[in-house]
Amino acid sequence: MSQSLPLDQLVAACHWIGAKGWAPATGGNMSVRRDEHVCLLSESGKDKGTLTRDDFIEVDIATSQSLSGRKPSAETGLHTMIYRLFPEAGAVLHTHTVNSTVLSRVEQGAALLLHGYEMQKSLSGQHTHLDTLAIPVFDNSQDIAALASEIEDYAGRFPLRYGFLLRGHGLTCWGRDVSEARRHLEGLEFLFECERQRRLLEKA
Ligand SMILES: CSC[C@@H](O)[C@@H](O)C(=O)COP(=O)(O)O
Ligand SMILES: [Zn+2]
């Protein structure tokens, strides 16, 4: 059986995300690393659930510039920041789910703490529900360059793995390849759903 190309895997991931309802309207953006210098990023303003290979644009990782003149995602600077910070990152998925949008607003602290869930082990390198997993929450901003530099600065001081939340906006997560990025997205989204339910029930 022939192995599908990373871009085909990314297109399939976009359709899966769309079917889950995790990228409503034109929300969300996705990318895959082509090599050390270039990534392929979704075109801005499209429905990410129906993308094809032609909807991905070559972007220079060092400068965040499109190589073709076409307009990649408004959040290109967050993807390129991740590829620069983590040479092992091969794919980045950004979604607008209800859980990530709401929890990131309700959480007053600088991170969403996840503890006691078996599904924490869906994230690479996590081996027990007894650890506390911190997913940082950054205030949303329309100034993507400033946001990227804030997150880069954070990563210089604290561990940053798997992904981060933007308050009232959504989740951005990554993995070594599309398959690992998908697993991290699905695992984190499950954990967010559990955490939302737990907070609701414990309040009652
Ligand atoms: C529905 S508008 C959402 C955008 O502002 C943005 O947050 C987003 O995720 C999609 O932007 P895009 O430029 O299409 O990649
Ligand atoms: Zn977004």
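Counting convention: from 1, in listed order, for ligands and their atoms alike. Numbering starts at 1 and runs along the sequence shown.
For S42, the heavy-atom gap to ligand 1 stays at 4.0 angstrom or more. Residue contacts with ligand 1: H96 is included, with a non-hydrogen atom under 4.0 Å away. Heavy atoms of H169 come nearer than 4.0 angstrom to ligand 1 in at least one pair. Residue contact annotation: G45 has a non-hydrogen atom under 4.0 Å from ligand 1.
Taking every heavy atom of N29 and a limit of under 4.0 angstrom, the matching atoms of ligand 1 come to 8 (C), 9 (O), 10 (C), 11 (O), 15 (O). Those atoms of ligand 1 with a heavy atom of G28 less than 4.0 angstrom away are 8 (C), 9 (O), 10 (C), 15 (O).
T76 and S64 share no donor-acceptor pair across their side chains, judged by distance under 3.5 Å alone. Side-chain contact annotation: E193 with N99, donor-acceptor N/O pair under 3.5 Å present. R161 and S124 form no side-chain donor-acceptor contact under 3.5 Å, judged by distance and modelled atom types alone.
If you take CZ on F138 and CG on L166, they are separated by 8.0 Å, rounding to the nearest 0.5 Å.
The parts of S73 lying near ligand 1 are both backbone and side chain, judged by heavy-atom distances below 4.0 Å.
Put simply, the angle at the Zn ion (ligand 2) from NE2 in H94 to NE2 in H169 is close to 90°, to the nearest 10°.
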